[in-house]
Amino acid sequence: MPDLSTTYLGLNLKNPLVASASPLSKKIERARALEEAGISAIVMYSLFEEQITHESLEFDHYLARGSDAFPEASSHLPDAGLYDVSPKNYLNQVAGLKKALHIPVIGSLNGVSKGGWTNYACQIQDAGADALELNMYYLAANPDISSSDIENMQVELVAEVKSAIRIPLAVKISPFVTSVANFARRLVEAGANGLVLFNRFYQPDLDLEALEVVHTLDLSTSADLRLPLRWISILYGKVNTDLALTSGIHTSLDVLKAMMAGAKVAMTASELLTNDPVQRVQEILKQMQAWMEEHEYESVRQMQGSMSQKSVKDPAAFERANYMKVLNSFRELP
Ligand SMILES: Cc1cc2nc3c(=O)[nH]c(=O)nc-3n(C[C@H](O)[C@H](O)[C@H](O)COP(=O)(O)O)c2cc1C
């Protein structure tokens, strides 16, 4: 039997298949079923900065002016839905999952600015989380703010969160950064024990009849794997941190590719949200094992990074050469 075990953020995991931050962790029963099926760790859905500051604004407002109205600053928040959760309920869910599960539970904070809300990192730790994932989802839409301003802000945020906790910290990053490798190194220097590549940005569409912007959540396919796969293979061995792949993990082959590129874990959400999650986890792990046996791999560790670009001296030149090769491979119709 090949050994599927891996480590991530100092945690010993029985295999590299991790449930990515999503509603998969909303119900304790479902999380328990995923654990029984074989998932090795679970990242919780995020607690958002806006939810925390909203609550404290409401509290301040209540203290100052009574409970007659809500502060306007919170009006952009969705009223209800899956993620309508108070910080207190979030912490209860961390504790509930920890109590019900044996596998590691990774809390998730989602925010961009420095400030009081980051003390929830410590509270998530105290509620029992084994590690924390920080998601800095941000669309750089202001022409007055430069890329280095944004990166400096994010690096400082990582340092602030890291200094508040004892548990390991992973940072989920965006691919829309000019120098991913440099930014990755700066985040690691600021204290990130792991990097999660990549955050999936939802893309709004336009409804031409209703003349409205349509906010749809398109789930991924295996084709979305290519972007994080490339960057994990470039970063492997160049930044001293654990790499996690998220976006496009749907099959056992996707997980195997993530390992070969250099990931410690492969995180999956879309696949488990659209199929019977228990069945899919079991199938993916079984098929991974069968593939490894057939190809005579003894362990996942032996595979990790074996197809990375670690020994490529100049990945940028290598990628340009590949780009030319790919363009040249196109054959026009006769
Ligand atoms: C319904 C849904 C909810 C999600 N919620 C969160 C979240 O709360 N925090 C977060 O960091 N990522 C969240 N994600 C992103 C996933 O964790 C994951 O990174 C992304 O979906 C790409 O992985 P996939 O291709 O396996 O779906 C969510 C994704 C989906 C589909």
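All ligand and atom numbering here is 1-based and tracks the order in the structure. The shown structure was predicted, so the numbers you read here are calculated from the model rather than taken from an experiment. The basis for the numbers below is simple: all heavy atoms, side chains too, and nothing from hydrogens, waters or symmetry mates.
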Asker: Looking at non-hydrogen atoms alone, which of Ser22, Ala21, Ser108 comes nearest to atom 14 (N) of ligand 1?
Answerer: Ala21

Asker: Output yes when the distance from some N or O of ligand 1 to some N or O of Ile249 is under 3.5 Å, and no in every other case.
Answerer: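 No, there is no polar N/O contact under 3.5 Å.
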
Asker: Below the 3.5 angstrom mark, is there an N/O of Gly248, backbone or side chain, next to an N/O of ligand 1?
Answerer: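 In this structure, Gly248 places an N or O atom under 3.5 Å from an N or O of ligand 1.
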
Asker: Quick one: ring pair (Phe, Tyr, Trp, His ring centres under 6.0 Å) partners of Tyr138, sequence neighbours excluded?
Answerer: none

Asker: For ligand 1 and Tyr45, I'd like to know whether there is a polar contact (N/O to N/O, distance under 3.5 Å).
Answerer: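 It does not: no N or O of Tyr45 is found under 3.5 Å from an N or O of ligand 1.
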
Asker: In terms of atom number and element, which parts of ligand 1 are under 4.0 angstrom from non-hydrogen atoms of Ser247?
Answerer: 22 (C), 23 (O), 25 (O)

Asker: Under 4.5 Å side-chain heavy-atom separation, chaining through any Ile, Leu, Val, Met, Phe, Trp or Tyr, what else clusters with Phe318? Say none if it is isolated.
Answerer: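 Under the 4.5 Å side-chain rule, Phe318 groups with Val312.
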
Asker: Under 4.0 Å from a heavy atom of Ser270: which atoms of ligand 1 are those, numbered in the order shown and with their elements?
Answerer: 24 (P), 25 (O), 26 (O), 27 (O)

Asker: According to a hydrophobic-cluster definition based on side-chain heavy atoms being under 4.5 Å apart (Ile, Leu, Val, Met, Phe, Trp, Tyr only), do Leu272 and Leu97 belong together?
Answerer: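 Yes, same cluster.
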
Asker: Heavy-atom distances under 4.0 Å are what count here, so tell me which part of Val196 touches ligand 1: side chain, backbone, both or neither.
Answerer: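 It is neither part, as no heavy atom is under 4.0 Å.
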
Asker: Can you sort out which atoms of ligand 1 are near Ser20, meaning under 4.0 Å from one of its heavy atoms?
Answerer: 16 (C), 17 (O), 18 (C), 19 (O)

Asker: Could you tell me whether the side chain of Arg185 and the main chain of Lys238 form a donor-acceptor pair under 3.5 Å?
Answerer: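 A pair under 3.5 Å: no.
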
Asker: Determine yes or no for a side-chain-to-main-chain donor-acceptor pair under 3.5 angstrom, with Gln93 supplying the side chain and Lys26 the backbone.
Answerer: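 At least one qualifying donor-acceptor pair exists.
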
Asker: Whether the side chain of His250 engages the backbone of Ser220 through a donor-acceptor N/O pair (distance < 3.5 Å, no angle test) should be reported.
Answerer: yes

Asker: Would the Phe48 and Trp117 ring centres measure less than 6.0 Å apart?
Answerer: no

Asker: Under a heavy-atom criterion of less than 4.0 Å, does Lys172 contact ligand 1?
Answerer: yes

Asker: Any atoms of ligand 1 less than 4.0 Å from a non-hydrogen atom of Leu273? List them with their elements.
Answerer: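 Counting atoms of ligand 1 from 1, those under 4.0 Å from Leu273 are 1 (C), 31 (C).
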
Asker: Is the closest N or O pair between Ser46 and ligand 1 shorter than 3.5 Å?
Answerer: yes

Asker: Identify, by atom number and element, the atoms of ligand 1 in contact range of Leu219, meaning under 4.0 Å from any of its heavy atoms.
Answerer: 31 (C)

Asker: Any atoms of ligand 1 less than 4.0 Å from a non-hydrogen atom of Ser220? List them with their elements.
Answerer: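 Near Ser220, the atoms of ligand 1 are 24 (P), 25 (O), 27 (O).
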
Asker: Tell me whether Gln302 at atom CD has more than 12 heavy atoms from other residues, nucleotides or ligands lying less than 6.0 Å away.
Answerer: yes

Asker: Please confirm whether Phe198 and Phe176 have ring centers closer than 6.0 angstrom.
Answerer: no

Asker: Under 3.5 Å, side chain of Ser299 to main-chain N/O of Asp3, donor-acceptor pair present?
Answerer: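 Judged by distance alone, no pair lies under 3.5 Å.
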
Asker: Suppose I only count heavy atoms of Thr246 and a 4.0 Å limit; which atoms of ligand 1 are within that range?
Answerer: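 Taking each heavy atom of Thr246 in turn, ligand 1 has 18 (C), 19 (O), 20 (C), 22 (C), 23 (O) under 4.0 Å.
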
Asker: Under 4.0 Å from a heavy atom of Asn135: which atoms of ligand 1 are those, numbered in the order shown and with their elements?
Answerer: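 By the 4.0 Å cutoff, the relevant atoms are 10 (C), 11 (O).
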
